[in-house]
Amino acid sequence: MKLPTEKPVLVTSALPYVNGECHIGHLRTYVPADIYVRMLRKMGYEVVFVSGSDTHGTPIVLSAEAQGVTPEEVVEKYHEHFRRTFAELNVKFDYFGRTDSETNHKRTAEIVQRLVENGFVYKKVLKQAFCNTCGRFLPDRYVEGECPYCGAVARGDECDQGCSKHLEPGEILEPRCKVCGSKADFKDQEHFFFKLSSFADFLASYLEGLGGTLNARNYAREWVRKELRDWCVTRSLEWGVKFPGREDLVVYVWVDAPIGYISFTEELLKNRGKEEGWQRFWKEDGATVVHFIGTDIIYHHCIFWPAMLKGAGYSLPNAVVASGMVKIDGKTFSKTRGNVVWVSEFLERFHPDALRYFLVAHSSHTKELDFSWGAFATRLNNELVGILGNLVHRVLSFGYKNFGVVPEGVVKEEVLVEIEKAKAEVVRAVEEYEFKKLVDAAMGLANFGNSFFQREEPWHLLKQGEAGRERCGEIVKNVLQIIKAVCVFLDAVLPEKMAEVWEGLGMKTGSAGSDLRSVRLEEAVAEIKSGQRLKKPKKMFERFLATAEGDLKSPQPPSRNKK
RNA sequence: GCCGGGGUGGCCUAGUUGGUUAGGGCGCCAGACUCAUAAUCUGGAAGUCGCGGGUCCGAACCCCGCCCCCGGCACCA
């Protein structure tokens with residue numbers, strides 16, 4: 001998707017559901033979104049980046065009960081956890097809110113009210129399981145019983161262990177409460193439905209013009225093609241946003257969660273003193289809205305969400321970018337089976353930039369990403385240490401030792417051509433949401449830097465008198481130019497490390513000193529100034545577990561036995 | 001079953017308006033260099049591009065049939 005330059009861009013990243021800790025699977029969405037935002041800024045766009053905690057829903061209520069605390073306490077704990085984790089990884093939101101905020105309650109109530117007024121909501125009586133022991137209605141997935149078709153033990157909404165048929169509420173036999181195990185009764189209860197079915201034509205044409213990745217559109221198109229069923233948008237719960245006029249019902253969490261995108265925009269702009277500024281993004285079609293999500297929630301973002309917005313008279317998102325899921329050693333993520341890598345565990349041992357790098361370098365954004373310690377070690381050692389770290393370290397060391405500053409000399413045409421080539425690929429990568437291509441382009445340039453330095457053998461020139469020293473300086477300057485460009489291209493991926501290198505190049509000193517983060521992409525081809533003071537470099541990344549034998553084939557994961 | 005994605009040297013993978021010797025990375029082998037974290041650079045071996053037909057002067061790429069893998073099929077956050 002080519003982005004329009006005249007409008008500001010709002011980028012959102014899926015809301016983490018705050019009932020557990022952050023694992024690297026979460027990061028597959030947040031890190032690329034952050035990289036995207038940083039790149040857009042380098043390309044001159046005005047960007048706002050928001051996200052926040054998804055705080056409602058049954059799982060949080062039950063998890064709170066299990067811990068003997070209130071839902072607020074659970075939310076508070078993990079909200080803080082995610083906020084801190086994102087900060088550690090340099091995923092820098094302009095605003096990170098939570099869906100239980102007053103703003104979101106108000107906005108949700110307003111939107112639901114609109115849907116009601118516009119005739120898109122109707123009442124219907126449902127049979128719902130009620131546990132007398134727990135004293136509450138049970139969502140279908142928390143009901144256990146016998147499948148009426150095959151007799152297997154089944155869940156209220158589907159026969160998950162037997163014939164895998166979808167079960168309608170009330171169909172299941174011998175219902176029991178999954179929480180306490182006691183018998184459950186079905187009772188009639190009034191609920192509200194959203195007329196999703198009446199949005200089929202709208203969605204079909206909306207999807208045709210939707211930007212973002214192909215996987216999102218493909219899935220959504222198929223769902224629309226089949227049949228859209230109306231959607232029950234209320235739940236019998238205490239915790240959540242009350243359905244207007246009904247104290248006994250809250251709206252389904254998938255209603256108030258995406259509305260969080262709007263509320264967070266409101267809260268952010270209010271903080272900036274622009275009380276009504278959010279309308280530009282959500283009411284007036286005055287902005288480009290891009291949602292970063294995982295493939296697991298395409299349905300909600302490409303079907304429910306645009307239908308809700310349309311029905312309530314809001315403007316619509318322009319793009320949905322869906323990242324593939326993360327696997328560990330080829331197997332699906334599973335907390336219960338221990339097949340998971342926690343971010344905190346990772347950061348105990350490695351620099352956050354290394355994780356950011358791996359998450360985008362290892363696979364195409366829309367494809368699944370298979371994490372393994374071996375694969376991580378290979379990329380870290382060969383690419384971050386071998387190609388990038390080595391280039392920076394060898395050239396900066398050499399330059400620092402022999403010149404102390406960026407030497408005099410002309411930047412060769414050959415070098416500028418390579419940088420321009422990489423720059424074009426970087427821009428294309430961002431437009432295609434293919435962050436691996438961005439990394440590949442930048443690493444390709446670093447590779448070129450290594451070959452160039454090697455080929456010219458400046459260490460020999462140094463021994464050839466004054467003329468040799470001059471030619472040597474020119475070679476060094478050329479490679480420093482390449483490193484400068486690499487910094488610009490990889491700043492979005494490795495913000496801390498590239499900023500250090502930028503400083504090492506002397507870019508921050510002097511009257512024309514610049515901050516890498518706020519520099520434009522064009523800076524990559526701007527000549528590095530001779531005379532800038534170089535700094536003695538430090539190692540960028542340490543190799544991952546080189547044993548005495550140098551065997552890197554089966555590195556031990558860090559503290560894997562940790563619970 | 002339906003739909004989507006994919007099957008390219010040991011492994012991962014690029015490659016759509018079909019066209020000279022199918023590109024890259026990992027691993028492997030050989031050599032070079034010593035500025036650099038036993039890092040780097042150069043070269044090399046290795047591929048019936050899932051199977052079978054077809055269209056074409058020519059197909060990994062187009063058409064037909066088939067096989068295999070992954071994912072989705074909704075109210076689960």
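Per chain, numbering begins at 1; letters A, B, ... match sequence-line order.
Heavy atoms of A:Met325 sit nowhere under 4.0 angstrom from any nucleic acid atom. Using a 4.0 Å heavy-atom distance criterion, A:Leu228 is classed as a base contact. Counting non-hydrogen atoms under 4.0 angstrom, A:Gly386 reaches the backbone sugars and phosphates but no base. Across all strands, A:Asp440 comes closer than 4.0 Å to no nucleic acid atom at all (heavy-atom distances). In this structure, A:Arg225 reaches the sugar-phosphate backbone alone: every heavy-atom distance under 4.0 Å involves primed, P, OP1 or OP2 atoms, never a base. Counting non-hydrogen atoms under 4.0 angstrom, A:Val385 reaches a base of the nucleic acid.
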Hey, what are the protein-to-nucleotides 5-13 of chain B N/O distances that come in under 3.5 Å?
none

N/O to N/O distances under 3.5 Å, protein versus nucleotides 31-36 of chain B:
from   : atom 1 : to       : atom 2 : distance (Å)
B:rU34 : OP1    : A:His460 : NE2    : 2.8
B:rC35 : O2'    : A:Arg394 : O      : 3.3
B:rC35 : O2     : A:Arg394 : NE     : 3.1
B:rC35 : N3     : A:Arg394 : NE     : 3.4
B:rC35 : N3     : A:Arg394 : NH2    : 2.6
B:rC35 : N4     : A:Arg394 : NH2    : 3.1
B:rA36 : OP1    : A:Lys401 : NZ     : 3.4
B:rA36 : O3'    : A:His393 : ND1    : 3.0
B:rA36 : O2'    : A:Asn390 : ND2    : 3.1
B:rA36 : O2'    : A:His393 : ND1    : 3.3
B:rA36 : N1     : A:Arg394 : NH2    : 3.3
B:rA36 : N3     : A:Asn390 : OD1    : 3.4
B:rA36 : N3     : A:Asn390 : ND2    : 3.3
B:rA36 : N3     : A:Arg394 : NE     : 3.2

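Cation-pi geometry between A:Lys310 and A:Tyr206 is not met: the NZ or CZ atom fails to fall both under 6.0 Å from the ring centre and inside 45° of the normal. Figure legend: cation-pi geometry between A:Lys536 and A:Tyr400 absent, as NZ or CZ is not positioned both under 6.0 Å from the six-membered ring centre and within 45° of its axis. Relative to the six-membered ring of A:Phe96, A:Arg83 misses at least one condition, a distance below 6.0 Å or an angle of at most 45° to the axis.
The two residues A:Met325 and A:Asp296 have their closest heavy-atom pair at CE-OD1, 3.6 Å.
With B:rU37, B:rG27, B:rA77 as the candidates, the nucleotide lying closest to the side chain of A:Arg235 is B:rA77. With B:rG15, B:rG71, B:rC75 as the candidates, the nucleotide lying closest to the side chain of A:Tyr252 is B:rC75. Comparing B:rC73, B:rC70, B:rA77 against the side chain of A:Trp223 picks out B:rC73 as the nearest. For A:Lys327, taking side-chain heavy atoms from C-beta onward, the closest of the listed nucleotides B:rC70, B:rA77, B:rC41 is B:rC70. Nearest nucleotide to the side chain of A:Glu222, out of B:rA77, B:rC70, B:rC2: B:rC2.
Between B:rG5 and B:rU13, the distance separating the two C1' atoms is 16 Å to the nearest Å. B:rA32 and B:rC49 have their C1' atoms separated by 35 Å, given to the nearest Å. The gap from the P atom of B:rG47 to that of B:rG10 amounts to 8 Å, rounded to the nearest Å. B:rG18 and B:rC57 have their P atoms separated by 16 Å, with the value rounded to a whole Å. B:rC26 and B:rA59 have their C1' atoms separated by 29 Å, given to the nearest Å. Only the C1' atoms considered, B:rC76 is 30 Å distant from B:rC68, to the nearest whole Å. Distance check on atom C1': B:rU34 versus B:rC41 gives 11 Å, rounded to whole Å. The gap from the C1' atom of B:rG19 to that of B:rC3 amounts to 34 Å, rounded to the nearest Å.
Note on A:Glu432 versus A:Lys437: salt bridge recorded, some NZ/NE/NH1/NH2 to OD/OE distance being below 4.0 Å. With respect to the salt-bridge test (charged N to carboxylate O, under 4.0 angstrom), the residues A:Lys124 and A:Glu190 do not qualify. Salt bridge annotation for A:Arg225-A:Glu222: present, with a cationic side-chain nitrogen under 4.0 angstrom from a carboxylate oxygen.
In this structure, A:Asp353 has no salt bridge (charged side-chain N to carboxylate O under 4.0 Å, His left out) partners at least two apart in sequence or on a different chain. Legend: residues meeting salt bridge (charged side-chain N to carboxylate O under 4.0 Å, His left out) with A:Arg533, ordered by chain and number and at least two apart, are absent. The ring pair (Phe, Tyr, Trp, His ring centres under 6.0 Å) test applied to A:Phe192 returns A:Phe243, not counting sequence neighbours.
Residue A:Arg455 is the one, among A:Tyr219 and A:Arg455, whose nearest nucleotide of RNA chain B lies closer to the 5' end (criterion: closest heavy atom). Each of A:Ile387 and A:Ile303 was matched to the nucleotide of RNA chain B holding its nearest heavy atom; the match closer to the 5' end belongs to A:Ile387.
Rounded to an integer number of Å, the gap from NE2 of A:His351 to C1' of B:rU37 is 16 Å. Between the C1' atom of B:rC75 and the NZ atom of A:Lys124 lies a distance of 12 Å, rounded to the nearest Å. One can place CD of A:Glu456 at 13 Å from P of B:rU42, the figure rounded to the nearest angstrom. Across the protein-nucleic acid pair, A:Met443 atom CE and B:rU40 atom P stand 11 Å apart, rounded to whole Å. A:His26 places its NE2 atom 15 Å from the P atom of B:rA77, with the value rounded to the nearest Å. As a whole-Å value, the separation of A:Phe448 CZ from B:rG24 P is 17 Å. Rounded to whole Å, the distance from CD on A:Glu383 to P on B:rA39 is 15 Å. What separates NE2 of A:His301 from C1' of B:rC75 is a distance of 15 Å, to the nearest Å.
Taking only side-chain nitrogens and oxygens, A:Asn447 comes nearer than 4.0 Å to OP1 or OP2 of B:rC41.
Pairing for B:rC26 is with B:rG10, a Watson-Crick or G-U wobble pair whose two hydrogen-bonding atom distances lie under 3.5 Å. Judged by Watson-Crick or G-U wobble contacts below 3.5 Å, the nucleotide B:rG4 has B:rC70 as its partner. Summarising the base pairing, B:rG47 is matched to no nucleotide, lacking a Watson-Crick or G-U wobble pair whose two defining distances lie under 3.5 Å.
Residues of residues 468-481 of chain A that place a heavy atom closer than 4.0 Å to RNA chain B do not occur.
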- [ ] Please step through salt bridge (charged side-chain N to carboxylate O under 4.0 Å, His left out) for the pair A:Glu434 and A:Arg428, ending with a clear verdict.
- [x] CA-CA 8 Å; A:Glu434 276 299 358; A:Arg428 200 154 55 94; over 6 Å; no

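Here the side chain of A:His365 pairs no donor or acceptor atom with the backbone of A:Lys436 at under 3.5 angstrom.
Distance check: A:Arg98 CZ to A:Thr55 OG1 gives 6.5 Å after rounding to the nearest 0.5 Å.
Between A:His81 and A:Glu21, the side chains place no donor N or O within less than 3.5 Å of an acceptor N or O (distance only, hydrogens not considered).
For A:Trp231 against B:rC75, a side-chain N or O and a base N or O form a donor-acceptor pair under 3.5 Å.
Residues A:Phe120 and A:Phe199 bring their aromatic ring centres within 6.0 Å.
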